[in-house]
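To keep things clear, I will list the structure first and then write my remarks on it.
In what follows, chains carry the letters A, B, and so on, assigned in the order in which the sequence lines appear, proteins first and then strands, with residues in each chain numbered from 1. Fair warning: this is a prediction, and the values are worked out from it, not measured in the lab.
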Protein chains: 2
Amino acid sequence: MTISARVHYATLALIELALRQSEKTPVAVREITRRHGIPGPFLVQILRTLRSAGWVQSVRGSQGGYRLAVEPADLTLLEIAEAVGCAESNCQTDATDTPANRMVHEIWDAASEASRAVLARTTLAEIADRTAQDDAVMFYI
Amino acid sequence: MTISARVHYATLALIELALRQSEKTPVAVREITRRHGIPGPFLVQILRTLRSAGWVQSVRGSQGGYRLAVEPADLTLLEIAEAVGCAESNCQTDATDTPANRMVHEIWDAASEASRAVLARTTLAEIADRTAQDDAVMFYI
DNA sequence: TCATACTTGACTAATCGGATCAACTTTCTA
DNA sequence: TAGAAAGTTGATCCGATTAGTCAAGTATGA
């Protein structure tokens with residue numbers, strides 16, 4: 001469960017889309033990259049993945065952009081991380097299959113499971129809401 | 001907290017040394033590599049790190065080898081992972097510092113902390129003991 | 001004195017994550 | 001109906017990290 005830049009950017013983009021769900025026109029890639037400082041073509045690549053996961057819709061042509069296609073409350077950070085991140089194969093070695101080897105692997109698995117549990121119980125809706133609150137405070141100041 | 005082969009091998013080696021603490025002569029590298037299927041020169045490299053951490057002692061010359069230099073109950077898997085593994089810098093990006101960015105980073109930190117907690121509460125003594133039991137069962141069969 | 005075993009430092013090969021580019025298609029708008 | 005604005009796709013590149021190797025040297029027991 002290594003959190004790569006890819007996963008981080010994907011999450012930021014989804015938050016942005018979640019916060020602007022009510023807008024009529026879709027959100028252009030350039031707006032997202034500008035607001036969050038994400039390298040442009042890289043975000044495009046990430047959005048492609050999000051689209052094939054069915055979480056965003058794209059609208060082509062002028063005035064085009066991206067729109068969230070799911071309920072933010074239904075999407076967990078674990079799902080995002082697993083869909084966007086690469087293979088999360090934990091610790092592949094050629095070590096002999098011994099009791100010690102199995103025992104140690106159990107611990108790595110338990111550690112991995114612990115962090116996955118944290119991500120699994122956090123939804124996009126939660127962080128979007130909390131972000132919105134912070135944004136409001138910033139605006140007020 | 002990615003578990004690399006390096007960390008895995010280090011842990012296996014330390015278990016082996018822990019189980020053979022009572023032996024008169026130190027344990028040769030070759031014995032460890034054979035029993036656990038660890039690439040020879042690679043293990044040497046790892047043992048160097050363990051030695052500079054002060055966890056193992058080396059004995060040179062004929063009949064030489066390695067010996068555990070600490071109480072297995074005092075060594076946690078987290079310490080091993082952090083000493084042997086490389087930089088565990090979680091998610092470095094150039095993303096703009098926004099509420100969303102901070103919020104998301106908090107979650108990654110929480111996830112990382114959860115897995116570290118698991119490793120922090122597991123000691124070398126525990127896994128060595130449990131391994132010894134499994135070994136005994138295998139021998140009995 | 002020789003075989004055994006650790007020491008050290010440099011070196012290589014493969015993989016992966018991050019990032020970029022160019023050529024193309026779609027759609028709006030003037 | 002032309003052109004500008006946007007997304008689409010596939011290929012590609014680069015640098016860092018990891019896994020793993022090698023060779024020359026040193027210490028020690030038999």
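- Nearer to the 5' terminus of DNA chain C, by closest-nucleotide assignment, is the contact made by B:Ser62 (compared with the other of B:Ser62 and A:Ser62).
- Across all strands, B:Gly64 comes closer than 4.0 Å only to sugar-phosphate atoms, never to a base (heavy-atom distances).
- Nearest to the side chain of A:Pro39, among C:dA19, C:dT8, C:dG18, sits C:dA19.
- Look at CZ on B:Arg48: it is 12 Å from C1' on D:dT21, rounded to the nearest Å.
- Taking atom CD1 of residue A:Ile46 and atom C1' of nucleotide D:dG10, one finds them 17 Å apart after rounding to whole Å.
- Counting only heavy atoms from C-beta outward, the side chains of B:Ile107 and B:Val104 never approach each other to under 4.5 Å.
- Nucleic acid contact for A:Gly65: sugar-phosphate only, since backbone atoms but no base atoms lie under 4.0 Å from a heavy atom of the residue.
- One can place CD1 of A:Ile38 at 10 Å from P of C:dA19, the figure rounded to the nearest angstrom.
- B:Arg60 places its CZ atom 5 Å from the C1' atom of D:dT26, with the value rounded to the nearest Å.
- For the pair A:Tyr66 OH and D:dT8 C1', the computed distance is 8 Å after rounding to whole Å.
- Spacing between atom CG of A:Leu43 and atom C1' of C:dG17 amounts to 16 Å, rounded to whole angstrom units.
- When the C1' atom of C:dC6 is taken as reference, atom CD of B:Glu31 falls 14 Å away, rounded to whole Å.
- Interatomic distance, CH2 of B:Trp55 versus CG of B:Asp74, reported as 11.5 Å (0.5 Å rounding).
- Sequence order on DNA chain C of the closest nucleotides to B:Arg30 and A:Phe42 puts B:Arg30 first from the 5' end.
- Rounding to the nearest 0.5 Å gives a distance of 4.0 Å between CD1 of B:Ile15 and CD1 of B:Ile127.
- Per the geometry, CD belonging to A:Gln63 stands 10 Å off P belonging to C:dA30, to the nearest Å.
- Using a 4.5 Å cut-off on side-chain heavy atoms (C-beta onward), A:Val56 and A:Leu14 make contact.
- Applying the 4.0 Å criterion to OP1 and OP2 of C:dC6, one finds that B:Arg67 has every side-chain N and O outside that range.
- The side chain of A:Arg6 lies closest to C:dG18 when the candidates are C:dG18, C:dC6, D:dT9.
- Heavy atoms of A:Val44 sit under 4.0 angstrom from at least one base atom.
- Contact annotation: A:Ser58 side-chain N/O to D:dA6 OP1/OP2 distance is not under 4.0 Å.
- Within 4.0 Å of A:Pro41, counting heavy atoms only, lies at least one base atom of the nucleic acid.
- Looking only at distances, no side-chain donor or acceptor of A:Arg116 sits under 3.5 Å from a matching main-chain atom of B:Ala111.
- Contact of B:Gln45 with D:dG20 (side chain to base): a donor-acceptor pair of N or O atoms is detected under 3.5 Å.
- Distances shown here put a side-chain N or O of B:Tyr9 below 4.0 Å from the OP1 or OP2 atom of D:dG20.
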